[in-house]
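This report refers to the structure that appears directly beneath it.
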Amino acid sequence: MIFMRLSVLRIVVVAAFANFVSLPAVQAQSKNLAPGFTARPVASKLVIVPVDIELFSLSAGGVPEPKADWTLAATKHFSSALKAKSDVLGSNVTTLAESQLDEFAELSNLHGAVATSIFRHHMLGLALPTKDGKLLWTMGDAVTALRDKSGADYALFTWVRDSYASAERKVAMVAFAMLGVGIAGGTQTGYASLVDLNTGQIVWFNSLLRPTGDLREEKPALETVVDLLKGFPAAK
């Protein structure tokens with residue numbers, strides 16, 4: 001199981017890198033944008049949906065165990081980091097209140113499913129014939145209630161899963177390394193989507209997949225947010 005998880009991770013990373021370097025510069029820049037979309041109108045309003053985030057500890061055998069206290073800290077740091085990026089997000093921004101989370105839980109779950117599909121079939125190059133290599137994904141009319149509630153034109157959804165090697169896992173990593181075998185520690189995976197609330201279309205998408213980062217601390221959490229927001233469409 002351990003070796004399988006490591007092999008899969010290696011395949012994913014190699015596929016993502018190979019797909020990226022093989023693209024012409026212009027295509028690589030537009031890969032994150034839906035066809036025909038370049039920027040948000042200057043007067044448009046953006047609503048930030050609280051991040052869907054969960055942190056795990058990896059047991060010696062690589063089994064992820066949810067850590068509620070880590071997730072709580074990460075949620076706080078991630079939210080603060082988003083607020084600090086007003087230079088990227090723009091001035092006409094509102095945030096969905098914590099009290100409204102239950103109302104939009106299914107919508108947040110839908111985003112997680114759609115974003116995972118985009119990551120696999122668009123960012124990694126495991127292309128679907130019907131998409132023609134373009135960012136053509138939508139959340140449909142499920143976003144209508146969010147538009148009506150917030151009065152916003154666009155919504156920013158984020159999804160993050162982060163894992164960290166437990167003490168037992170670290171011992172196992174050292175032991176296997178002495179045998180010339182590498183096993184994975186933690187992995188940080190994140191998706192960010194800009195959704196047009198009038199059409200449901202995902203007009204911008206970004207992702208990260210790496211063995212580094214620590215959302216349990218304020219400074220590295222900000223670094224994760226900066227990476228996720230690279231290329232975020234300005235309002236102009």
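Just so it is clear, the values below take in all heavy atoms, side chains as well, and ignore hydrogens, waters and symmetry mates.
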Do L107 and V143 come close enough that some side-chain heavy atom pair is under 4.5 Å? yes

Between S193 (side chain) and F157 (backbone), is there a donor-acceptor pair under 3.5 Å? no

Please give me the minimum heavy-atom distance between T38 and P233, naming the atom from each residue. O-CB, 4.3 Å

If you take all heavy atoms of R147 and A152, which pair is closest and at what distance? CG-O, 3.5 Å

Keeping H122 on the side-chain end and K31 on the backbone end, is there a donor-acceptor pair under 3.5 Å? yes

Note, T158 side chain near D52 side chain (heavy atom, < 4.5 Å): no

For T95 against V47, the heavy-atom pair lying closest together: C-CG2, 4.5 Å

My understanding is that only residues two or more places apart in sequence, or in another chain, count here; which of them pass ring-ring contact (aromatic ring centres under 6.0 Å, His included) with F37? none

Separation between CG (N109) and CZ (F104), nearest 0.5 Å, reads 13.5 Å

Once you round to the nearest 0.5 Å, how far does CG of N92 lie from CG of L46? 8.5 Å

Cluster overlap L101 with I53, hydrophobic side-chain contacts below 4.5 Å: no

L72 reachable from F78 in the ILVMFWY side-chain graph, under 4.5 Å edges: no

Can you find a pair of side-chain heavy atoms, one from L194 and one from I202, that are under 4.5 Å apart? no

Which pair of heavy atoms, one from L156 and one from A192, lies closest together, and at what distance? CD1-CB, 4.5 Å

Hey, does S163 have a side-chain heavy atom less than 4.5 Å from the side chain of W70? no

Heavy atoms of S150 and L197 approach each other most closely as OG-CD1, 4.2 Å

Short question: side chain of S79, backbone of K76 - any donor-acceptor pair under 3.5 Å? no

Kindly indicate whether the side chain of P66, heavy atoms from C-beta on, has any atom under 4.5 Å from the side chain of T71. no

Any side-chain donor near an acceptor of the partner, Q201 and D196, under 3.5 Å: no

Using a 6.0 Å distance limit plus a 45 degree cone around the ring axis, check whether R161 lies over the aromatic ring of F56. no

Could you tell me whether the side chain of L33 reaches within less than 4.5 Å of the side chain of V203, counting heavy atoms only? no

Carefully, step by step, assess L135 and F205 under the rule side chain to side chain contact (heavy atoms under 4.5 Å, CB included). CA-CA 8 Å; L135 184 60; F205 181 84; 4.1 Å; yes

Any chance you could measure Y164, atom OH, to T187, atom OG1, to the nearest 0.5 Å? 11.0 Å

Counting only heavy atoms from other residues, nucleotides and ligands, does the tally under 6.0 Å from NZ of K83 exceed 12? no

Report the C-alpha separation of R40 and D153 in whole Å, then their side-chain angles, then the decisive distance to 0.1 Å, and conclude whether the side chain to side chain contact (heavy atoms under 4.5 Å, CB included) test is met. CA-CA 9 Å; R40 293 174 287 145; D153 304 287; over 6 Å; no

Classify the ring geometry of F232 against W204: parallel below 30°, tilted from 30° to 60°, perpendicular beyond 60°. perpendicular

When rounded to the nearest 0.5 angstrom, what is the spacing between CG in L222 and CD in E217? 13.0 Å

Please evaluate residues Q188 and T212 with respect to the criterion side-chain hydrogen bond (donor to acceptor under 3.5 Å, both in side chains), reporting the C-alpha separation (whole Å), side-chain torsions for both, the decisive distance (0.1 Å), and the verdict. CA-CA 7 Å; Q188 186 177 90; T212 60; over 6 Å; no

Under-4.0 Å salt bridge between E103 and K149: yes

Do the non-hydrogen side-chain atoms of L215 and T224 ever get within less than 4.5 Å of each other? yes

Using the rule that Ile, Leu, Val, Met, Phe, Trp and Tyr join whenever any side-chain heavy atoms are under 4.5 Å apart, tell me whether L126 and I118 fall into a single cluster. yes

May I ask you to check whether E218 and S80 show a side-chain donor-acceptor distance below 3.5 Å? no

Quick one: does V51's side chain get under 4.5 Å of W159's, heavy atoms only? no

Without swapping roles, check the side chain of H121 against the backbone of A127 for a donor-acceptor pair under 3.5 Å. no

T138 (side chain) donor-acceptor with G200 (main chain) under 3.5 angstrom: yes

Hydrophobic cluster membership, V93 vs V225, 4.5 Å side-chain cutoff: yes

Got a salt bridge between E223 and K230, using NZ or NE/NH1/NH2 to carboxylate O under 4.0 Å? no

Got a sec: does the CG of D148 have more than 12 other heavy atoms crowding it under 6.0 Å? yes

V88 vs V226, side chain to side chain contact (heavy atoms under 4.5 Å, CB included): CA-CA, chis, key distance, verdict: CA-CA 9 Å; V88 175; V226 169; over 6 Å; no

Spacing of CZ belonging to R210 relative to CG belonging to D162, to within rounding of 0.5 Å: 8.5 Å

In short, A155 meets L146 closest at the heavy-atom pair CB-CD2, 3.9 Å

Interatomic distance, CG@N198 vs OH@Y154, rounded to 0.5 Å, equals 7.5 Å

Indicate yes or no for a side-chain donor-acceptor contact from D132 to the backbone of K134 under 3.5 Å, with no hydrogens or angles considered. no

